[in-house]
Asker: 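Sharing a structure here in structure tokens format.
A, B, ... follow the sequence lines: proteins, then strands. Residue 1 opens every chain. For clarity, every value in this text was computed on a predicted model and none was experimentally measured. Hydrogens, waters and symmetry mates are skipped; everything else that's a heavy atom, side chains included, is used.
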Amino acid sequence: MGEQYVCKSFEFKDGERRIIRIGDDEIGVFRHEGEFFAYSNYCVHQGGPACEGLIIARVEERLRPDKTSMGLFFSEKDMSFACPWHGYEYDMRTGQHIADRRVRLRKYQVLQKGEDIYVVV
Amino acid sequence: MSSSERMVSACEPDAAEKVAFVKAVFKGIESGTEAARIVERKKQGEAAAPQVELLRRIPAQPSPESQPLHQLSASMLAVAAEIEAAVSDDDPGRIDVRAQQALMSALCRLYAANDERGNHFDVLSEQTTVTATDAMVLCGALLKAVDLQVFELALWQSWSSR
């Protein structure tokens, strides 16, 4: 199908999401820290609207040099989004499931030509 | 018959197929068939290409950092960051006990006052570094400080439906 026009970049605020349909595909387009990402909106778990759940920071455990735990913290750089049905959590930048990297959402390329945003299907 | 003539005759449809073809041309394409749909798609050309349909717009989640803070709240956040740093550096002793008691007392009263006025909120934010053990240590110490047993807490929670 090629490049499909989505919208102008200035219409798409940082942190915003758009759920679009192109043909038979339902796609979630994210703008995160100025970058665009697009994934299939069908969760690989049970087909829930994967791209419409909470956007949350990754939970990570920080260790001291002697490997004792300082506790659990929210990551300051890695973000995930969670399917609202059963909480399957996906990496914002790759679409991979955060616990099992073999599981991933279908990723679509997003092109920015000037101010126009396109999804390549 | 030469070999080339035999090849042409082998490729050529027989009389019955020719008749069927002529009848089909004369009859035209029947509506509702796949052939009719293909012709329709070809006629529509560009219009039949998939369109991008916007289903939903989900605005950015509001971040607490984007809200303006009262001066007192900003000062409290700065103090909290200092305390967190002291704990992370494994040097909690650098904060005077009297200061800790004053802060704990003020925060207890502040939280209870909010709760009494119906201003309910999670006592810890999502970004908290408090562990379950930290919470139990503090809860136990608070109960002891006001001479309460866990049983009495459970009784009060049950009576007040909290």
Asker: Please check if the number of heavy atoms outside Arg58(A) that lie under 6.0 Å from its CZ is greater than 12.
Answerer: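 Counting other residues, nucleotides and ligands, CZ of Arg58(A) exceeds 12 neighbours.
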Asker: Where do Asn41(A) and Arg56(B) land on the side-chain contact (heavy atoms from CB on, under 4.5 Å) test, with the steps shown first?
Answerer: CA-CA 12 Å; Asn41(A) 195 31; Arg56(B) 285 174 286 285; 4.2 Å; yes
Asker: Do you know which of Ile55(A), Val29(A), Ile56(A) has the most heavy-atom pairs under 4.5 Å to chain B?
Answerer: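 Sorted descending by pairs with chain B, the first entry is Ile55(A).
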Asker: To the nearest 0.5 Å, what is the distance between OG1 (Thr128(B)) and CZ (Phe74(A))?
Answerer: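 With rounding to 0.5 Å, OG1 (Thr128(B)) is 9.5 Å from CZ (Phe74(A)).
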Asker: Any idea which of Asp90(B), Thr131(B), Val87(B), Thr129(B) has the most non-hydrogen atom pairs under 4.5 angstrom with chain A?
Answerer: Thr129(B)
Asker: Out of curiosity, does Val110(A) fall in the hydrophobic cluster containing Phe37(A) (side-chain heavy atoms, cut-off under 4.5 Å, transitive links)?
Answerer: no
Asker: Does any backbone or side-chain atom of Glu26(A) lie under 4.5 Å from a heavy atom of chain B? Answer side chain, backbone, both or neither.
Answerer: side chain
Asker: Which value, rounded to the nearest 0.5 Å, describes the distance between Gln51(B) atom CD and Gln4(A) atom CD?
Answerer: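 Output value for this atom pair is 7.5 Å.
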Asker: Take atom CD in Gln71(B); do more than 12 heavy atoms of anything else shown fall under 6.0 Å from it?
Answerer: no
Asker: Inspect the surroundings of CZ in Arg98(B) and state if more than 12 heavy atoms from other residues, nucleotides or ligands are less than 6.0 Å away.
Answerer: no
Asker: Could you tell me which portion of Leu54(A) (side chain, backbone, both or neither) has an atom closer than 4.5 angstrom to a non-hydrogen atom of chain B?
Answerer: both
Asker: Flag yes if more than 12 heavy atoms outside Met104(B) fall under 6.0 Å of its CE atom; otherwise flag no.
Answerer: no
Asker: Around atom CD of Gln149(B), are there more than 12 heavy atoms from other residues, nucleotides or ligands closer than 6.0 Å?
Answerer: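 Count not over threshold, so no.
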Asker: For atom CG of Asp96(B), decide whether the heavy atoms of other residues, nucleotides or ligands shown that lie under 6.0 angstrom number more than 12.
Answerer: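 Enclosed: over 12 neighbouring heavy atoms sit under 6.0 Å from CG of Asp96(B).
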Asker: Considering only NZ, NE, NH1 and NH2 on the basic side and carboxylate oxygens on the acidic side, decide whether Arg57(B) and Glu11(A) come within less than 4.0 Å.
Answerer: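 Result for this pair is no, no salt bridge flagged.
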Asker: Should we say atom CE of Met76(B) is surrounded by more than 12 heavy atoms from elsewhere, each under 6.0 Å from it?
Answerer: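 12 or below, so no.
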Asker: With a 4.5 angstrom heavy-atom cut-off, which part of Tyr5(A) approaches chain B: side chain, backbone, both or neither?
Answerer: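 Backbone of Tyr5(A) only, per the 4.5 Å heavy-atom cut-off to chain B.
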Asker: To the nearest 0.5 Å, how far apart are CD1 in Ile58(B) and CZ in Arg18(A)?
Answerer: 11.0 Å
Asker: For the residue pair Ile20(A) and Leu54(B), what are the closest heavy atoms and their distance?
Answerer: CG2-CD1, 3.9 Å
